[in-house]
Amino acid sequence: MKTTTRVAVIGGGVVGASVLYHLTKLGWSDVMLIERSELTSGSTWHAAGGFHTLNGDTNMAALQGYTIKLYKELEEITGMSCGLHHVGGVTLADNQDRFDMLVAERAKHRYMGLETEIVGPEEIAKIAPITNLDGIIGALYDPLDGHLDPSGTTHAYAKAARMGGATIETHCKVVETNQRPDGTWDVVTEKGTIHAEHVVNAAGLWAREVGAMAGIYTPLHPMEHQYIVTDDIPEIYERDSEHPHVMDPAGESYLRQEGRGLCIGFYEKPCKPWAVDGTPWEFGHELLPDDLDKVEASIEFAYNRFPVLATAGVKSVIHGPFTFAPDGNPLVGPVPGVRNYWSACGVMAGFSQGGGVGLMLAQWMIEGECERDVTALDVARYGKWITPGYTRPKVIENYQNRFSVSYPNEELPAARPHRTTPMYDIFSDLGAVWGHQFGLEVANYFAQDGDPGYETPTFRRSDAWNATAREVAAVRGGVGINEVQNFGKFSVTGADARAWLDRIMAGRIPQPGRMSLTPMLSPKGQLWGDFTVSCLSDTEFQLTASYGAQEVHHRWFLQNASDDCIVENISDKRTGFQIAGPKSRDLLRACTPDDVDGIKFLDVRRMTIGQVACIVQRVSYTGDLGYEIYCDPMDQRQLWWTLWNAGQPMGIAPFGMRAMMSLRLDRFFGSWLSEFSPDYTAAETGMDRFISFKKNVDFIGRAAAEAERATPPARTFVSFEVDADDADVVAYEPVFIDGEVRGFCTSGGYSHHAGKSVALALVPREHATGTLEAEIEIMGQRRRAVQITTPLFDPDGSAMRG
Ligand SMILES: Cc1cc2nc3c(=O)[nH]c(=O)nc-3n(C[C@H](O)[C@H](O)[C@H](O)COP(=O)(O)OP(=O)(O)OC[C@H]3O[C@@H](n4cnc5c(N)ncnc54)[C@H](O)[C@@H]3O)c2cc1C
């Protein structure tokens, strides 16, 4: 057995095999896979082998598209068969919401270049004639849907990897992973120790146990899952062609032809987590005992939807476990805080996603970054707050909702509240309706008389409309107050702090008492962050950015650490409030003897507010006159009562995230993962105006930014006023210019201040004339959209800066 390797991939399921292949494909041949039994010995061997592109996250959908197209390449390289059946498939909609969701997905597919189609009952009858169409409104047809041979495909990946120089060691259980002081790993197996520069955890059903060998908690849980294969059915075997797939979300089932019969699987509500105390090492090529009781209601539903099933005998029942992360997406990438340790687990749809996961991980390891935004699958999307007690109920919820309609404004309830700030009960008493962000409860809006205490999930304008409008008016007309807890925050201190920031951030680093906005770029020029940098002294800075991206950002900071400065994630150690609106200055004056009038736009000061020591920044994402006030969480309630009591004569009102996202639209402010994300560059999004090309520093991403400056990118960011009806832009709606799809929306919504529907979008640069007229598809209808360049509030910036 090889005893040294550049990469040790632990686990020979479809995911480990794909990672191994992609490492060789991208140029690393000194790589090995270690498998405790035979290849496919976890979930992989008993999978139904179905694949499809449909995924609510656009980047995941693109990776699924990549995976499906890869199989032909694998067959060509290896001469082996993946047992491909490209039969196409329909996803049925039996109610308007489900149909709306499919229509919205189809709209996204237009600019992604996916050839899906919305079909009506008559067409469904031709495509999938065994379907009882009672109550069916329509369906999404995807010609790429299909299935394959799970074992053949895994072995094809393995052969392709071997052809690229990789080694595979089977019957070799990894029992320990020990890190050496230089960051490399001793991977201890039953056959001896392998010294590896990098370790990849692709241990599937045992990923929790393998992660624990390195002291890592891997937030996933196995679930039991069952599908049934029927005896021969004449209506199937007498057809001239193979019957396509049918997803019936109402029945929580997926169905396809298997031989001369059918195969149908269920995501049943009475589902069961498996191996709660850990996956037994002796579990191998075996199935769980049949449990048809669990799927009884689903089977009954299926008999009605597909009447031929009722007469067919059951040939076999396949009941096995596979793993899920709390949101159902894979857990991929460098594990935060553990050098040279990579995650490739939690892949619940290995045959739709395994190829994309392998490609992204190989790019990350070899090139240092991925070609697209991988936030949806990044293992760092969960923080240190995640525990098995949180993961399990979320995984159950995700399994149960696998086929549910997922709405843009939906807040899922399991395992909540998990993390709360000291304001939780005070805000709840004020009517807070809570949302959820990175484990934290965040107020979406404050319900008053007549407002719903629960925002009904919808694709259209929601019943939080009145509350949002009221909160927007309170800010624009007086003063509003909200927490600043859900900002990611870092403290950077030490002799080298300024020099380090100058290298990490592309923008200008401010002088003491001042703030600046700056993009953070990847080496290839992708946007890796949009930061506010506040200089408290030459050796002390506060950074603020996205709360949800804090682990991602911290991981990058640690990878680029300096010996002479300390970077600390203080997201939950510093909290406070933002106050915004024309009366916010009066409010601040009423709470402190310190000079308030002298605080200019983008100033930062240490001040005492009431009796609390605070850091006050003159800036507001609402685009209004406003201040962010940071304090120790232990002081937050005291600070609240000071501001709240002083604000009463001014009509102070709390506002939530729904109002905030409306307010920012008035000035076309972008938000992280919508306008600003690793999918885009600084120049595409207008963030290049914050890059300091003058500074004499080779900041990360400088060469790429300079190149963009010389040759501007093909697309650019624009704002539209949309002739919308009862639904606004959410994200990824296609933009039609001269009748062709030429761009897409990054986000949008309703400006309650201006009374206008607004969309932010990326379009070809040559069309961004300032007077562009386009159409945006919202809920299946093309809506007129006219470019706007003048902010809808405070066009000359006098309120914000004055
Ligand atoms: C009934 C059922 C039907 C399914 N149908 C589909 C479907 O239609 N389409 C689809 O895309 N997905 C389907 N899936 C899910 C699919 O099976 C998984 O997504 C996929 O198999 C995950 O692959 P993996 O490589 O991550 O993990 P696994 O297949 O679990 O592989 C992990 C491997 O790691 C090895 N290993 C673990 N620990 C060690 C160690 N210490 N040392 C060495 N080796 C180790 C194991 O032996 C195993 O071979 C289904 C799952 C089930 C249960």
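Counting starts at 1 for both ligands and their atoms, following the listed order. Note that the structure is a prediction, hence the values are computed from the model and not measured. Every heavy atom of this structure was used, including side-chain atoms; hydrogens, water molecules and symmetry mates were not.
Listed by number with element, the atoms of ligand 1 under 4.0 angstrom from any heavy atom of S352 are 11 (O). Taking every non-hydrogen atom of K173 and a distance limit under 4.0 Å, the qualifying atoms of ligand 1 come out as 42 (N). Within the listing of ligand 1, atoms 18 (C), 19 (O), 22 (C) sit less than 4.0 angstrom from a heavy atom of V347. Listed by atom number, the atoms of ligand 1 under 4.0 Å from G42 heavy atoms are 28 (P), 29 (O), 30 (O), 48 (C), 49 (O). Set against the non-hydrogen atoms of A202, the atoms of ligand 1 under 4.0 Å away are 32 (C), 34 (O). Short contacts between ligand 1 and M348, defined as distances under 4.0 Å to a heavy atom of the residue, involve ligand atoms 12 (N), 15 (C), 19 (O).
Below 3.5 Å of separation, one finds an N or O of E35 facing an N or O of ligand 1. The shortest N or O to N or O distance between F322 and ligand 1 is not below 3.5 Å. At least one N or O atom of G49, backbone or side chain, sits closer than 3.5 Å to an N or O atom of ligand 1. At a 3.5 angstrom cut-off on N or O pairs, I10 does not count as close to ligand 1. At under 3.5 Å, not a single nitrogen or oxygen of T40, backbone or side chain, sits near a nitrogen or oxygen of ligand 1.
Under the 4.0 angstrom criterion for non-hydrogen atoms, G12 is in contact with ligand 1. A heavy-atom separation below 4.0 Å is found between Y227 and ligand 1. For the ligand labelled ligand 1, residue W281 lies inside the 4.0 Å heavy-atom shell.
Ring planes of F403 and Y254: perpendicular class, angle over 60° (limits at 30 and 60°). F322 and Y399 have perpendicular rings, their planes meeting at more than 60° on a 0 to 90° scale where under 30° would count as parallel.
For F51 and H86, the distance between ring centers is under 6.0 angstrom. In this structure, H22 has its ring center closer than 6.0 angstrom to the ring center of Y66.
Under the side chain to side chain donor-acceptor pair (under 3.5 Å) criterion, K159 pairs with no residue at all, not counting sequence neighbours. Looking at residues two or more places apart in sequence or on another chain, you find a side chain to side chain donor-acceptor pair (under 3.5 Å) between Y382 and D327.
The single protein non-hydrogen atom nearest to atom 5 (N) of ligand 1 is A48 N, 2.9 Å, given as residue, atom name and distance.
Here atom 21 (O) of ligand 1 lies nearest to T44 when heavy atoms of V175, L205, T44, V317 are compared.
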